[in-house]
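The structure follows.
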Amino acid sequence: MKTKHILYLYLSLLLGYCTTEFISCSFMLVYISSALIYWGIICGIDYISVKKGHPVLSAEKRIHSGKREAGGDIARTIAVLLVPFVHFFGLTGYYNTEFTPEMIFPSALRWLGVCAVPIFMIISGCFKVNAKICKKHYFAIIPLLFTHIFISLIRIWVDRYFHGENVDITYIADRLVYFKYGWYIRLYIGMLLLMPFFNIAYKNIGDKWKKEVFILTLVGLNALGPLTFDIIPSSWLILYVFGYYIIGCYLSEYRVKINAFMGILGICGLLAVVSTASYFHCKGGVFDWSYMGYQANSGYSSMVTVFVSVLIMVLCLNIDFDLKPLNFMFKAVSLVSLEMYLFSQMFDGFIYKDIIENNVPFRDSFGRIFILAGSSALLSFGASWLKKGIFMAGYLFKRGTGNEQ
């Protein structure tokens with residue numbers, strides 16, 4: 001059995017799990033039989049496509065041009081735009097709204113938004129695969145912390161003077177020391193500390209198929225739990241962080257090819273199936289955090305998130321164009337993606353204030369999702385470049401003062 005057949009099995013288990021919501025029969029009978037049928041169909045399609053010389057999925061050694069590639073900037077732009085997108089659902093009452101058929105489309109967008117953090121983790125693997133145990137790598141934590149402190153202090157001031165929060169030592173400590181404003185920053189620092197060791201492990205595995213087995217093992221341990229009824233225990237959940245990271249390392253070394261149309265169709269199809277299954281599962285109630293994922297990490301490790309995040313990343317990395325205006329736009333967003341992430345919740349506090357205070361029903365807010373989330377993204381982008389300009393001016397002033405002396 002080739003490694004891609006195990007990947008197809010993972011996908012079949014996900015589809016089979018969803019199918020149990022559509023067929024009123026013995027759960028295990030429907031689950032096992034449908035998963036096997038899906039697996040046979042997918043493997044059959046793959047076999048035929050290979051025989052015809054047009055494989056659905058392939059991987060070959062990636063040749064790096066040495067210049068900045070647009071794909072990475074596009075992926076980072078998508079990831080950072082999905083952050084205010086997924087915040088929308090938490091701020092407008094989605095999770096407390098009764099599931100009716102009209103909740104299917106919002107659920108699809110919610111599952112898409114969850115992919116923001118996993119895409120960032122995959123990006124880290126792509127561009128940190130050569131990080132080594134050295135001062136330069138670990139000193140990168142310092143500007144990260146300065147950015148966190150600078151933006152957090154602004155947000156504390158905003159909370160105090162615009163939202164009437166009682167700002168005391170405990171409040172400040174929660175934001176600065178315990179990273180309440182940016183839980184991902186704390187997680188990412190831990191990733192930075194371990195990246196060189198995971199890079200050593202990855203590069204010393206050797207053969208391509210062994211690296212694929214490594215990835216499939218990590219993904220299986222962190223994503224198969226809900227699909228195996230905790231036979232694979234949730235205690236392995238934290239591995240999702242490095243599952244995505246190692247996927248990024250692999251995509252940096254190998255160019256995974258998938259037809260763009262098939263890739264987009266795959267993303268839309270998965271989101272449609274999962275959101276429809278979510279509706280049938282939650283019908284008459286509210287969103288179930290434990291459905292197909294673990295509430296402990298908001299579904300970041302769920303199998304659907306793995307497939308959608310990887311497909312988005314693969315499609316982005318295969319984009320190759322040289323349109324300077326577009327390249328400039330994606331690069332401009334990419335360079336301040338960290339700052340945009342940290343600023344976004346601050347602007348959410350203003351954008352969603354009336355909706356929260358007036359308890360506006362989710363269905364009344366959903367029609368404005370692109371306006372509300374887009375406003376947060378645009379304001380975060382502007383504030384991020386203002387912050388970057390302040391830092392750059394300070395650096396140039398310091399450098400100029402030093403030269404005069």
**Request:** Flag the pair Y279 / F105 as yes when their ring centroid distance falls below 6.0 Å, and as no otherwise.
**Result:** no
**Message:** Over 60° means perpendicular and under 30° means parallel, so tell me whether F89 and F85 are parallel, tilted or perpendicular.
**Reply:**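 Plane angle over 60°, so perpendicular.
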**Request:** Please state whether the rings of F162 and F350 are parallel, tilted or perpendicular, taking 30° and 60° as the class boundaries.
**Result:**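 If you compare the ring of F162 with that of F350, the planes turn out perpendicular.
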**Asked** Hey, are the side chains of F381 and V333 touching, using non-hydrogen atoms and a 4.5 Å cut-off?
**Response**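 They are in contact (side-chain heavy atoms under 4.5 Å apart), so the answer is yes.
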Using atom types as modelled, flag every donor-acceptor pair under 3.5 Å from a side chain in residues 131-146 to any protein atom, sequence neighbours excluded.
unit_1: H137; atom_1: NE2; unit_2: L192; atom_2: O; d: 2.7

**Message:** Measuring from atom NZ of K128 to atom CG of N199, what distance do you get when rounded to the nearest 0.5 angstrom?
**Reply:**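 So the gap between those two atoms works out to 10.0 Å.
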**Request:** Report yes if some heavy atom in the side chain of I78 is under 4.5 Å from a heavy atom in the side chain of I74; otherwise report no.
**Result:**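 Of all side-chain heavy-atom pairs linking I74 with I78, at least one is under 4.5 Å.
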**Asked** What is the ring orientation for Y244 with Y240, classed by angle as parallel under 30°, tilted 30 to 60°, or perpendicular over 60°?
**Response** perpendicular
**Request:** Take K353 and N358, measure what side-chain hydrogen bond (donor to acceptor under 3.5 Å, both in side chains) needs, and give me the verdict at the end.
**Result:** CA-CA 8 Å; K353 187 174 182 179; N358 296 317; over 6 Å; no
**Item:** Cation over ring face, R110 and W289, 6.0 Å, 45°
**Value:**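 Judged by the rule (NZ or CZ under 6.0 Å from the ring centre, within 45° of its axis), R110 counts as positioned above W289.
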**Prompt:** According to the interplanar angle, ranging from 0 to 90°, do the rings of F287 and Y94 count as parallel (below 30°), tilted (30 to 60°) or perpendicular (above 60°)?
**Reply:**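 It falls in the tilted class, 30° to 60°.
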**Message:** Check this for me: does any side-chain nitrogen of one of E60 and R255 sit under 4.0 Å from a carboxylate oxygen of the other?
**Reply:** no
**Asked** Going from CE on M340 to OG1 on T77, what distance comes out if it is rounded to the nearest 0.5 angstrom?
**Response**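 These two atoms lie 8.0 Å from each other.
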**Message:** Quick check for you: to the nearest 0.5 Å, what is the distance between N222 atom CG and L239 atom CG?
**Reply:**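 Interatomic distance, N222 CG to L239 CG, rounded to 0.5 Å: 6.5 Å.
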**Message:** Side chains of L271 and L109, heavy atoms from C-beta outward: is any pair under 4.5 Å?
**Reply:** no
**Request:** Taking the side chain as every heavy atom from C-beta outward, state whether T19 and Y38 have any pair of such atoms under 4.5 Å apart.
**Result:** yes
**Request:** Considering non-hydrogen atoms only, spot the tightest contact between A116 and L82 and give its length.
**Result:**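 That closest heavy-atom pairing would be CB-CB, 3.7 Å.
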**Request:** Flag the pair I215 / T3 as yes when at least one side-chain heavy-atom distance between them is below 4.5 Å, and no otherwise.
**Result:** no
**Asked** So, do M121 and L187 sit near enough that their side-chain heavy atoms are less than 4.5 Å apart?
**Response** yes
**Message:** Using the ring centroid of each side chain, check whether Y31 and Y17 are separated by less than 6.0 Å.
**Reply:**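 Ring centroids of Y31 and Y17 are less than 6.0 Å from each other.
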**Message:** Ignoring hydrogens, what is the shortest heavy-atom contact between W111 and S278? Give both atom names and the distance.
**Reply:** NE1-OG, 3.4 Å
**Request:** Indicate the ring-plane relationship of F242 and F198, choosing parallel, tilted or perpendicular according to the 30° and 60° boundaries.
**Result:**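 Judged by the thresholds at 30° and 60°, the geometry between F242 and F198 is parallel.
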**Asked** Is E253 salt-bridged to K211, cutoff N-O under 4.0 Å?
**Response**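 K211 and E253: salt-bridged.
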**Closest approach of L315 to A260 (non-hydrogen atoms, all atoms of both residues)** =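 It is CD2-CA, 3.8 Å.
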**Request:** Decide whether D159 and Y181 meet the rule of one side-chain donor and one side-chain acceptor closer than 3.5 Å.
**Result:** yes
**Asked** C126 and L251: which non-hydrogen atoms are nearest, and at how many Å?
**Response** SG-CB, 4.0 Å
**Nearest atoms (heavy-atom pairs only) where I231 meets P233** =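 Answer, listing the atom of I231 first, then P233: O-CD, 3.3 Å.
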